[in-house]
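The structure under discussion appears below in the form of C-alpha cells.
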Amino acid sequence: MIFETVVSTLSPAGELHLAPMGVRYEGEGDAAVVVLMPFKPSKTLDNILATRCAVLNLTDDVRVFAGCVTGRRDWPTVALEGFAGRRLQDALAHVELSLTDDQDDALRPTLRMRRGREGVHGAFPGFNRAQAAVIEGAVLVSRLGMLPRDKVETEMDYLQIAIDKTAGERELEAWEWLYAAKEAFYARAPEAG
C-alpha cells in the first residue's frame with residue numbers, strides 16, 4: 001500500500017525542499033520502516049543521502065501537492081527541536097525520519113528510513129473525493145513527459161467529475177494550478193505524448 005505524503009528535506013546548506021511522495025511502510029506499528037523511492041535526479045534523494053534525515057508530513061491540504069508539482073514550493077514550515085528538519089506548519093501530523101539503508105538504482109533508489117519522534121497537530125476531518133482527484137491530477141502533471149497525452153486528458157476529464165461535485169476552495173485552487181500546468185506543457189510541446 002502506498003500513502004501520499006509530502007517529504008521535507010534540508011540540503012547541507014540548510015535549504016528547504018518539499019516534495020510530494022508516495023511512501024510505503026515495512027513492518028508493523030512503531031517498528032515500521034518508511035520506504036521512499038524518489039526518481040533520479042532528485043533534490044530529495046540528494047538531500048537525504050547528504051544529511052541522512054527527512055520529515056514525513058501528513059496533510060490534507062492538497063494545494064501543497066499541486067503546488068509542488070507546479071512550481072509553488074513556498075509553504076510555511078516550522079523548525080523541529082533537536083532534529084535537523086522542518087515540518088509543514090499546517091501538517092496534521094509529522095514523523096522525523098533517519099536513513100538506515102539505501103539501495104542505489106539507475107531510476108529509483110530505495111531509501112529505508114527509521115521513524116523517530118512523531119507529532120500530531122490537527123484532526124483528520126474525513127475523506128473528500130476532490131482531494132483524491134487533486135492528488136491523482138498532481139501525479140499525472142508530474143509525469144506529463146512520460147505519459148501519453150490521451151491518457152492524461154482522459155484521466156483529467158474523469159477526475160473533473162469529483163472536483164465539480166465535492167471540491168472546496170482549496171481543491172478548486174489546486175485543480176486550477178494543475179490544469180494550467182497541463183495546458184502550458186502541451187502548448188509548449190504539442191507533439192508530446
Side-chain angles (χ1 to χ4, degrees), residues 1-9 11 15-25 34-49 54 56-75 88 90-92 102-111 126-193:
M1 188 177 331
I2 296 175
F3 296 92
E4 299 301 329
T5 68
V6 176
V7 175
S8 54
T9 58
S11 72
E15 297 164 335
L16 176 70
H17 182 71
L18 297 171
M21 190 168 297
V23 304
R24 292 183 293 116
Y25 296 97
V34 176
V35 179
L36 309 177
M37 294 180 65
F39 284 101
K40 281 186 174 181
S42 163
K43 283 186 184 179
T44 298
L45 175 64
D46 294 344
N47 289 348
I48 291 173
L49 291 177
L56 192 67
N57 295 274
L58 308 175
T59 182
D60 65 344
D61 187 348
V62 293
R63 293 176 305 169
V64 180
F65 294 87
C68 286
V69 301
T70 61
R72 296 166 177 88
R73 293 182 181 272
D74 191 21
W75 297 95
L88 286 171
D90 294 332
L92 297 177
D102 63 280
Q103 295 173 325
D104 197 18
D105 182 79
L107 183 61
R108 294 185 79 177
T110 301
L111 306 175
F127 294 106
N128 177 288
R129 289 174 47 215
Q131 291 170 322
V134 169
I135 290 173
E136 285 300 314
V139 170
L140 291 169
V141 168
S142 74
R143 297 176 181 169
L144 289 172
M146 295 186 257
L147 297 173
R149 181 176 182 168
D150 62 333
K151 176 180 177 57
V152 172
E153 297 282 7
T154 300
E155 291 194 21
M156 293 282 286
D157 287 346
Y158 180 76
L159 295 170
Q160 183 72 52
I161 297 167
I163 297 296
D164 292 342
K165 288 183 176 181
T166 67
E169 289 181 26
R170 286 178 168 185
E171 294 80 23
L172 289 171
E173 184 175 27
W175 189 254
E176 288 173 12
W177 297 342
L178 295 171
Y179 196 85
K182 173 187 69 89
E183 293 296 304
F185 178 84
Y186 292 130
R188 285 189 309 273
E191 70 284 346

Distance (rounded to the nearest 0.5 Å) between K151 NZ and L140 CG: 7.0 Å
Nearest-0.5 Å distance that lies between atom CG in D60 and atom CG in L92: 4.5 Å
Residues in side-chain contact (heavy atoms from CB on, under 4.5 Å) contact with [X], at least two apart in sequence or another chain:
X	answer
A167	A130, I163, E171, L172
E4	I2, F65, I135
L88	V6, L18, N57, T59, V64, W75, T77, A91
D102	L49, L99, L111

Name all residues meeting the side-chain hydrogen bond (donor to acceptor under 3.5 Å, both in side chains) criterion together with [X]; count only those two or more places apart in sequence or in a different chain, and write none if there are none.
X	result
S142	none
D164	Q160
Q103	R112
T9	N47

Side chain to side chain contact (heavy atoms under 4.5 Å, CB included) between Y25 and V34, intermediate numbers included: CA-CA 5 Å; Y25 296 97; V34 176; 3.6 Å; yes
Distance under 6.0 Å and angle within 45° of ring axis: K182 vs F185: no
Any side-chain heavy-atom pair of L144 and Y186 under 4.5 Å: yes
Validation row: S11, D46 side chains within 4.5 angstrom (heavy atoms):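 Side chain of S11 against side chain of D46, heavy atoms only: no contact under 4.5 Å found.
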Give a yes or no on whether [X] atom [atom1] has more than 12 heavy-atom contacts from other residues, nucleotides or ligands under 6.0 Å away.
X	atom1	value
Y179	OH	no
E169	CD	no
D157	CG	yes

Partners passing salt bridge (Lys or Arg N to Asp or Glu O under 4.0 Å) against R63 (at least two apart in sequence or in another chain): D61, E173
Those residues that, when tested against D90, pass salt bridge (Lys or Arg N to Asp or Glu O under 4.0 Å) (two or more places apart): none
Identify every side-chain donor-acceptor pair in residues 37-44 under 3.5 Å, counting partners at least two apart or on other chains, and give the distances.
residue, atom, partner, partner atom, Å
K40, NZ, D104, OD1, 2.7
K40, NZ, D105, O, 3.1
S42, OG, T44, N, 3.2
S42, OG, L45, N, 3.0

L178 versus G137, closest heavy-atom pair with distance: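 That would be CD1-C, 3.8 Å.
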Closest non-hydrogen atom pair, T5 against V7: OG1-CG2, 4.0 Å
With sequence neighbours excluded, residues passing ring pair (Phe, Tyr, Trp, His ring centres under 6.0 Å) with Y158: none
Intermediate values then yes/no, side chain to side chain contact (heavy atoms under 4.5 Å, CB included), F3 and L58: CA-CA 9 Å; F3 296 92; L58 308 175; over 6 Å; no
